[in-house]
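Worksheet: one structure, shown below.
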Protein chains: 2
Amino acid sequence: MEKKESAKERILRVANELFYQEGVRAVGIDRIILESEVAKASFYRSFPTKDDLVVAYLELHRMRSLAHVEEARERHPESALDQLRFLMRRIAERMSRPSYRGCAFMNTIVEFPEIGHPCHRKALESRNHVWAVVESMAQEAGLPDPRELAEQLRMLWSGAAMVAYINKSEFKPETFSSAALSLIDGQLNAG
Amino acid sequence: MEKKESAKERILRVANELFYQEGVRAVGIDRIILESEVAKASFYRSFPTKDDLVVAYLELHRMRSLAHVEEARERHPESALDQLRFLMRRIAERMSRPSYRGCAFMNTIVEFPEIGHPCHRKALESRNHVWAVVESMAQEAGLPDPRELAEQLRMLWSGAAMVAYINKSEFKPETFSSAALSLIDGQLNAG
DNA sequence: TTGACATGAGACAGATCTGTCTGTATCTTT
DNA sequence: AAAGATACAGACAGATCTGTCTCATGTCAA
């Protein structure tokens with residue numbers, strides 16, 4: 001039997017859609033309350049402040065990002081290099097989806113530039129955490145300079161996220177994945 | 001003789017520093033008026049709305065970006081390939097400066113996600129204009145697929161700007177420039 | 001049935017920001 | 001010197017957003 005979605009889950013689902021599609025600052029509490037069909041008091045019982053809701057939203061994206069990394073590990077348990085390649089293709093595919101609106105972490109950091117702000121801090125921690133896991137994957141691949149490659153891939157990946165968001169119509173997933181493979185091969189051939 | 005800085009110039013200079021360092025939305029009009037030591041009425045005479053000031057700020061960055069491209073052309077008038085390489089090194093150098101806070105265009109687009117908003121529109125147009133000039137440079141370099149390379153470089157360049165902003169302490173200019181050269185060489189060797 | 005408690009609808013307070021307006025001082029030009 | 005334009009300081013209005021509070025309604029268990 002399908003158990004009913006709780007108020008808190010409904011709020012977070014609605015907030016996730018609105019925050020991601022329209023931006024965190026652009027979406028007010030009233031809008032979320034209206035669309036999740038919940039009372040204001042009920043909302044504030046689940047999330048004492050808007051920041052708390054934003055943190056939950058970012059945590060959701062952190063879990064999803066880690067799930068992709070985990071999927072890559074399961075698909076290619078024998079080769080970290082294949083895991084990396086799979087991850088890049090998986091990312092490229094996600095970025096080319098119509099609903100893709102960039103990286104929630106980067107967008108939130110830019111929307112809340114103040115160092116130490118709860119939203120800024122959570123977004124930065126999430127970004128760093130996810131990337132640390134990817135970097136450890138590069139470490140296992142037995143490359144000449146895994147940190148250097150990981151850093152190059154982070155730049156490329158971050159930029160692809162921005163291009164796929166800002167210049168959506170021009171984004172081609174193969175352009176990203178072939179660039180990623182080119183960087184990987186570049187270091188393989190150099191080493 | 002040094003002619004005195006006009007009120008409008010002073011406002012724009014102060015606004016540029018504050019908008020770039022702390023974000024456009026985070027900086028209020030009152031703050032700019034205070035720090036540029038001008039009256040509110042004088043401010044609104046020079047810039048009828050805050051959006052007008054933001055547009056002027058973005059125009060400033062557009063001119064600066066184009067100046068870098070122009071410099072590359074002057075330094076290596078004979079080889080578009082060398083122009084590209086020079087530009088990448090020049091960009092890397094700028095990104096490693098302590099005052100670097102990312103790409104004004106991307107940051108503004110993320111801060112104003114609403115399509116058609118004057119600030120969003122101007123930032124997008126500026127970004128696209130600057131990049132069209134860089135892409136034409138790639139076209140002249142006689143590469144097998146200049147559009148593909150330009151697109152890859154745009155991703156890398158955009159991501160490097162974000163990393164240099166968000167993960168400032170970890171950013172190394174050589175990591176970016178070597179990745180850019182790797183992408184260029186990757187296509188040169190493939191062709 | 002009834003009482004305890006959660007929920008819905010929405011008014012309200014407080015903060016913050018943009019942009020207008022008023023009154024005074026200063027500067028330029030004739 | 002006089003007059004008109006310009007600049008300054010700051011009050012004020014209007015909009016917007018977050019978060020609190022009130023009160024009516026519904027739900028579930030004893």
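The chains referred to below are lettered A, B, ... by the order of the sequence lines, with proteins before strands, and numbering in each begins at 1. Just the heavy atoms: all of them, side chains too, but no hydrogens, waters or symmetry mates, feed the values below.
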Whole angstrom is fine here: how far is it from CD1 in A/I29 over to P in C/dT16?
-> 17 Å
Roughly how far, to the nearest 0.5 Å, is CZ of A/F43 from CG of A/L34?
-> 13.0 Å
Would you tabulate the pairs of protein nitrogen or oxygen atoms and nucleotide nitrogen or oxygen atoms of nucleotides 26-28 of chain D closer than 3.5 angstrom?
none

Within the structure, does a side-chain N or O atom of B/S42 lie under 4.0 Å from either OP1 or OP2 of D/dT6?
-> no
Members sharing A/Y165's hydrophobic cluster, built from side-chain contacts under 4.5 Å between Ile, Leu, Val, Met, Phe, Trp and Tyr, are A/M106, A/I109, A/V110, A/L124, A/M162, A/I166, B/M106, B/I109, B/V110, B/L124, B/M162, B/Y165, B/I166
Is there a donor-acceptor contact under 3.5 Å linking the side chains of A/Q187 and B/S182?
-> no
Dump every N/O contact between nucleotides 22-29 of chain C and the protein below 3.5 Å, one line per pair.
none

Mind calculating the distance between CZ (A/R25) and C1' (D/dT18) to the nearest angstrom?
-> 12 Å
B/K8 has an atom NZ; how far is it from atom P of D/dT6, in whole Å?
-> 15 Å
Contacting residues from residues 31-40 of chain B, given that a heavy atom lies under 4.0 angstrom of DNA chain D = B/E37, B/V38, B/A39, B/K40
Kindly indicate whether a cation-pi arrangement holds for A/R94 with A/Y100, taking the cut-offs as under 6.0 Å to the six-membered ring centre and within 45° of the axis.
-> no
Within the pair A/R45 and C/dT7, is there a side-chain N or O less than 4.0 Å away from OP1 or OP2?
-> yes
B/Y44 OH to D/dA9 P: how many Å, rounded?
-> 16 Å
Side-chain donor-acceptor pair present, A/R127, B/N167, cut-off under 3.5 Å = yes
Just how far, in rounded Å, is P of C/dG8 from CD1 of A/I11?
-> 9 Å
Indicate the atoms forming the closest heavy-atom contact of B/A123 with B/L58, along with that distance.
-> N-CD1, 3.7 Å
Taking the hydrophobic residues Ile, Leu, Val, Met, Phe, Trp and Tyr, and joining any pair whose side-chain heavy atoms are under 4.5 Å apart, which ones share a cluster with B/L60?
-> none
Between P of D/dG19 and CG of A/L53, the distance in whole Å = 10 Å
Sequence neighbours excluded, the answer for ring-ring contact (aromatic ring centres under 6.0 Å, His included) partners of B/F86 is B/H76
Quickly work out the B/F47 CZ to C/dT18 P distance and round it to whole Å.
-> 15 Å
Whether over 12 other heavy atoms sit under 6.0 Å from B/R147 CZ | no
Length of the line joining B/K50:NZ and C/dT20:P, which is rounded to integer Å = 15 Å
Taking the inter-plane angle between the rings of A/F105 and A/H61 on a 0 to 90° scale, is it parallel (under 30°), tilted (30 to 60°) or perpendicular (over 60°)?
-> perpendicular
Verify whether one side chain among A/Q21 and A/S99 offers a donor that lies under 3.5 Å from an acceptor in the other.
-> no
